[in-house]
Protein chains: 2
Amino acid sequence: MKRNALPPVTGSGRSGFAPLNPVEVETIRLFVQLSRALGQPPSVAEIYGLLFVSPRPLPQDEFTGRLNLSKGSASQGLRYLQDLGAVRPVAVAADRRGHYEAVAELRNLAGRFLRQQVFSYFQDSGERLDKIITEARKLAGPERDHALARAKMLKSWEKNSKRILPLVMALLGGGRGK
Amino acid sequence: MKRNALPPVTGSGRSGFAPLNPVEVETIRLFVQLSRALGQPPSVAEIYGLLFVSPRPLPQDEFTGRLNLSKGSASQGLRYLQDLGAVRPVAVAADRRGHYEAVAELRNLAGRFLRQQVFSYFQDSGERLDKIITEARKLAGPERDHALARAKMLKSWEKNSKRILPLVMALLGGGRGK
DNA sequence: GGAACAGTTCAATCAATAATGAATAAATCT
DNA sequence: AGATTTATTCATTATTGATTGAACTGTTCC
């Protein structure tokens with residue numbers, strides 16, 4: 001069965017938890033929208049969005065219930081967010097459930113996200129580039145020249161891109177963020 | 001029926017076109033890999049990749065045949081690439097088919113891509129942010145304060161991000177790209 | 001110990017996205 | 001005009017990716 005995109009704002013939570021208020025709904029939508037642009041699954045964005053607007057850390061079953069997620073999605077999404085450093089556990093006295101809060105520093109978030117995304121790409125791109133060059137050398141005549149020129153271009157693209165990342169990070173952290 | 005990921009390097013092209021050589025195969029793989037990171041369909045990456053390594057402009061049926069794509073995918077992918085400015089038509093004498101070549105300037109490519117991706121996001125994010133603030137004002141007590149603080153934070157994130165884009169563009173174009 | 005709770009894993013299911021190809025249009029040739 | 005070539009559109013099909021939930025693990029409480 002397909003779960004509801006977002007539970008209705010009105011109506012008492014049939015999960016036993018308070019339904020989302022309009023601020024929560026809109027904030028979550030904002031993050032879901034962003035997640036599309038970044039190619040991230042909506043459930044993850046929903047979890048982060050709700051933790052982000054929440055004035056206090058939430059236990060897993062609470063955001064699961066309020067977002068109408070399955071236990072599996074919640075668990076996986078939470079893990080992903082923790083690995084990314086976007087969410088951190090917070091102990092709450094007299095409650096054995098784990099509670100979580102959003103890490104809300106743009107620099108951290110964006111930095112880690114970029115690192116994760118970009119790193120996974122540059123992972124074997126270097127290796128592949130070398131292979132392209134090796135193969136290009138085996139060609140003959142003008143084909144060979146063109147192939148080598150293209151390979152060189154790719155190398156320079158890679159270098160340029162790699163150089164930009166730290167700068168972006170610095171800008172994200174340094175901008176008068178107040 | 002599923003098409004082959006990439007036609008085998010050896011073996012005469014059963015489409016009547018030359019099979020891909022190793023340089024072409026590896027270059028295409030590189031772009032396909034990148035397209036995953038960027039959330040773009042592989043067929044588009046294949047087309048761009050082949051045009052990128054090709055020493056001469058290719059007509060649609062040629063890259064369609066060599067990549068083993070359907071006519072539909074080729075046509076749509078080509079259109080997407082043209083809209084993005086990543087590929088441009090080139091007239092070839094005594095051939096009535098349209099020929100295309102890759103636009104291979106990192107600055108153009110990345111710039112247009114970012115614009116397309118990011119712009120579509122910031123499209124209505126401003127509107128949504130205003131709505132969040134409006135709704136937050138209707139809340140009471142500490143909840144209200146927290147919600148307003150979060151909304152303010154989102155606004156600053158947006159401002160920061162918007163400010164960075166032009167800088168990234170400048171860096172992509174300006175780096176000693178040789 | 002064992003019942004209730006909190007959480008994870010993963011194979012099966014469902015939804016979203018990409019690719020296909022038949023129908024069609026438009027242009028060029030004879 | 002009619003035949004041929006080139007290319008586009010879009011409903012259908014295939015593929016990928018996200019979500020579910022039942023089975024399981026480990027804790028805590030009585």
Side-chain angles (χ1 to χ4, degrees), chain A residues 1-7 15-17 28 31-33 35-48 57-83 87 89-100 117 120, chain B residues 1-7 15-17 28 31-33 35-48 57-83 87 89-100 117 120:
Chain A
M1 192 244 292
K2 189 210 176 304
R3 83 189 171 77
N4 288 331
L6 271 189
S15 58
F17 291 109
I28 290 166
F31 280 104
V32 168
Q33 188 182 328
S35 78
R36 296 205 118 233
L38 302 177
Q40 248 42 44
S43 64
V44 168
E46 289 178 8
I47 296 169
Y48 183 81
L58 300 180
Q60 203 175 140
D61 62 339
E62 183 167 345
F63 64 73
T64 303
R66 298 185 70 195
L67 292 169
N68 195 22
L69 289 171
S70 68
K71 256 156 53 108
S73 280
S75 177
Q76 286 172 196
L78 188 58
R79 152 119 74 138
Y80 174 88
L81 287 167
Q82 284 188 91
D83 290 350
V87 147
V90 179
V92 163
D95 193 334
R96 94 168 139 105
R97 296 169 301 175
H99 289 61
Y100 300 88
Q117 284 289 99
S120 82
Chain B
M1 195 241 295
K2 187 209 179 304
R3 83 188 173 79
N4 289 331
L6 273 187
S15 58
F17 291 110
I28 290 166
F31 281 104
V32 168
Q33 187 182 328
S35 79
R36 296 202 119 235
L38 301 177
Q40 247 44 42
S43 64
V44 168
E46 290 178 7
I47 296 168
Y48 183 81
L58 300 180
Q60 204 175 137
D61 62 338
E62 183 167 345
F63 64 75
T64 303
R66 299 186 69 196
L67 292 169
N68 196 19
L69 289 171
S70 69
K71 257 156 52 106
S73 282
S75 178
Q76 286 170 196
L78 188 58
R79 151 121 70 150
Y80 173 88
L81 287 167
Q82 284 188 91
D83 289 351
V87 147
V90 180
V92 163
D95 193 335
R96 90 172 141 102
R97 296 170 302 176
H99 289 61
Y100 300 88
Q117 284 289 98
S120 82

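Here is the naming used below: chain letters follow the sequence lines, and residue numbers restart at 1 for every chain.
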**Report entry** By ring pair (Phe, Tyr, Trp, His ring centres under 6.0 Å) - contacts of Tyr100(A) (at least two apart)
**Finding:** none

Requested in this report: Please list, chain by chain and in numerical order, all residues satisfying side-chain hydrogen bond (donor to acceptor under 3.5 Å, both in side chains) with Arg36(B), sequence neighbours excluded.
Outcome: none

Report task. Tell me which nucleotide among dT20(C), dT8(C), dT17(C) gets nearest to the side chain of Arg36(A). Result -> dT17(C)

Report task. Figure out the CG/C1' separation between Leu38(B) and dA18(C), and round it to whole Å. Result -> 17 Å

Report summary line: note: Asp95(B), atom CG; dA27(C), atom P; distance rounded to Å ~ 17 Å

Query - Closest heavy-atom pair and its distance - Gln60(B), Lys71(B) - result: OE1-O, 4.4 Å

Report summary line: Atom CD of Gln76(B) and atom C1' of dA11(D) are separated, to the nearest Å, by 12 Å

**Report entry** Ala74(B) versus Thr64(B), closest heavy-atom pair with distance
**Finding:** CB-OG1, 3.1 Å

Report task. Not counting sequence neighbours, which residues clear side-chain hydrogen bond (donor to acceptor under 3.5 Å, both in side chains) with Asp61(B)? List them please. Result -> Arg97(B)

Detail all sub-3.5 Å separations between protein N/O atoms and N/O atoms belonging to nucleotides 24-27 of chain D.
{"from": "dT27(D)", "atom 1": "O2", "to": "Arg96(A)", "atom 2": "NH1", "distance (Å)": "3.4"}

Query raised in the report: What is the distance from CZ of Phe63(A) to C1' of dA6(C), rounded to the nearest Å?
Result: 12 Å

Query raised in the report: Gln76(A): what forms a side chain to side chain contact (heavy atoms under 4.5 Å, CB included) with it, not counting sequence neighbours?
Result: none

Query raised in the report: For dA19(C), does OP1 or OP2 lie under 4.0 Å from any side-chain N or O of Ser43(B)?
Result: yes

Requested in this report: List the atom of Asp95(B), the atom of His99(B), and the distance in Å for their closest heavy-atom pair.
Outcome: OD2-CE1, 3.2 Å

Query raised in the report: The side chain of Ser73(A) lies closest to which of these nucleotides: dT8(D), dA19(C), dT19(D)?
Result: dT19(D)

Query raised in the report: Is Arg97(B) near enough to dT28(C) that one of its side-chain N or O atoms lies under 4.0 angstrom from OP1 or OP2?
Result: no

Query raised in the report: Given dT19(D), dG21(C), dG7(C), which nucleotide is nearest the side-chain atoms of Ser70(A)?
Result: dT19(D)

Query - 5' priority, DNA chain D, between Ala74(B) and Pro41(A) [closest heavy atom] - result: Ala74(B)

**Report entry** Separation of dC10(D) P from Tyr80(B) OH (nearest whole Å)
**Finding:** 20 Å

Report task. Send over the distance from Asn68(A) CG to dT19(D) C1', rounded to a whole Å. Result -> 12 Å

Query raised in the report: What pairs with Gln33(B) under side-chain hydrogen bond (donor to acceptor under 3.5 Å, both in side chains), at least two apart in sequence or on another chain?
Result: Asp124(A), Arg128(A)

Query raised in the report: Between dT9(C), dA7(D), dT16(D), which nucleotide has the shortest distance from any of its atoms to the side chain of Gln60(B)?
Result: dA7(D)

**Report entry** Whole-Å gap separating P (dG7(C)) and CG (Leu69(A))
**Finding:** 14 Å

Report summary line: Here the helical stems involving DNA chain C, each at least 3 consecutive Watson-Crick or G-U pairs closer than 3.5 Å, sorted by first residue number, are C:1-30 with D:1-30

Report summary line: To the nearest angstrom, the CG-P distance between Leu78(B) and dA7(D) comes to 9 Å

Report task. Give the minimum heavy-atom separation between Pro42(A) and Val32(A), together with the two atoms involved. Result -> O-CG2, 4.1 Å

**Report entry** Listed partners of Val44(B) passing side chain to side chain contact (heavy atoms under 4.5 Å, CB included), at least two apart
**Finding:** Pro41(B), Tyr80(B), Leu81(B)

Query raised in the report: What nucleotide among dA19(C), dT19(D), dT8(C) has an atom nearest to a side-chain atom of Pro42(A)?
Result: dT19(D)

